[in-house]
Amino acid sequence: MTTAEYLQTPETVLPRELAFGTLRVADAPTVSHQRVVGELFIGLSRHVREGRLGEVLVAPVDVVLDADAALVVQPDLLFVADGHPGTTGDRIFGAPDLVVEVLSPYPRIGHLEEKVGWYAKYGVRECWLASLVKKELAVLTFADGAITERALFARGQQIDSKVVGQTGLLPINIFGW
């Protein structure tokens, strides 16, 4: 399937991506997954709005990382900084500044290492990986197509970001205990 064909498919709320021409669709996420997505969206969105930093969007939103290679992803959350090129209509063309993936016990679509590699390669500046099992959040910073820094946040540690600054978000509030 080409990117143009993918973009013509009917709108759906089921998670999906186009991985080098192959359409991959997943079942709806679990309630625990969506709780964490919701908490992250509320907290991150509030922080971004207060700082007038840009916009936070929640899945499903198509992010066209490489139109020619037919690579379209839907991270659980994404942040696009003010003035960021690439936002066109109802889709994001190019890399968002920050993406968030909530990791369920059973991967729903694709492989984590594959997605992280794409994010690094195509210019995402930072990726947050929220583990439902471990109740912790890893922040990966990318530069030149590779992970340059990795920070882990658990329980009462404030999540800090190179992209959006000190968020005030705590894993204990995101995951609950």
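Atoms considered below: every heavy atom in the structure, side chains included; atoms not considered: hydrogens, waters and symmetry mates.
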Taking all heavy atoms of [X] and all of [Y], pick out the closest pair and write down the distance.
X      : Y     : answer
Pro96  : Val63 : CD-CG1, 3.7 Å
Tyr119 : Val73 : CE2-CG2, 3.9 Å
Ala67  : Thr3  : O-OG1, 2.7 Å
Gly123 : Ala95 : C-CB, 3.5 Å
Val56  : Ser45 : CG2-CA, 3.9 Å
Pro29  : His33 : CB-ND1, 3.3 Å

Gap separating the [atom1] atom of [X] from the [atom2] atom of [Y], nearest 0.5 angstrom:
X      : Y      : atom1 : atom2 : result
Leu18  : Met1   : CG    : CE    : 7.0 Å
Leu170 : Phe175 : CG    : CZ    : 11.5 Å
Ile172 : Ile174 : CD1   : CD1   : 11.0 Å
Ile42  : His47  : CD1   : NE2   : 16.0 Å
Gln74  : Glu101 : CD    : CD    : 10.0 Å
Tyr6   : Glu17  : OH    : CD    : 8.5 Å

Query raised in the report: Going through the checks in order, is the side-chain contact (heavy atoms from CB on, under 4.5 Å) test met by Val37 and Gln34?
Result: CA-CA 5 Å; Val37 169; Gln34 290 303 91; 3.9 Å; yes

Would [X] end up clustered with [Y] when hydrophobic side chains under 4.5 Å apart are linked, directly or stepwise?
X      : Y     : answer
Leu112 : Val99 : yes
Val72  : Leu23 : yes
Leu7   : Val25 : yes
Ile147 : Leu65 : yes

Requested in this report: Would you confirm whether the ring centroid of Phe20 sits within less than 6.0 angstrom of the ring centroid of Trp118?
Outcome: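 Here the rings of Phe20 and Trp118 have centres that are less than 6.0 Å from each other.
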
**Report entry** Neighbour count above 12 (heavy atom, 6.0 Å) for Arg46 CZ
**Finding:**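 No, the 6.0 Å shell around CZ holds no more than 12 heavy atoms from other groups.
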
Query - Stacked cation flag Arg125 on Phe79, 6.0 angstrom / 45 deg - result: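 Judged by the rule (NZ or CZ under 6.0 Å from the ring centre, within 45° of its axis), Arg125 is not positioned above Phe79.
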
Requested in this report: Evaluate the criterion side-chain contact (heavy atoms from CB on, under 4.5 Å) for residue pair Leu57 and Ile92; output intermediate values, then yes/no.
Outcome: CA-CA 10 Å; Leu57 299 169; Ile92 306 297; 4.2 Å; yes

Any non-hydrogen side-chain atom of [X] less than 4.5 Å from a side-chain atom of [Y]?
X      : Y      : result
Thr9   : Arg16  : yes
Leu169 : Phe153 : no
Asn173 : Glu39  : no

Side chain [X], main chain [Y], donor-acceptor under 3.5 Å:
X      : Y      : result
Ser131 : Glu136 : no
Gln157 : Ala154 : yes
Gln158 : Gly168 : yes
Arg35  : Gly176 : no
Thr167 : Ile159 : yes

Query - Trace of the side-chain contact (heavy atoms from CB on, under 4.5 Å) decision for Leu103 with Leu132 - result: CA-CA 6 Å; Leu103 311 178; Leu132 291 176; over 6 Å; no

Query raised in the report: Which one of Leu98, Leu40, Val102, Val61 satisfies the side chain to side chain contact (heavy atoms under 4.5 Å, CB included) criterion with Leu77?
Result: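 Answer after filtering Leu98, Leu40, Val102, Val61: Leu40.
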
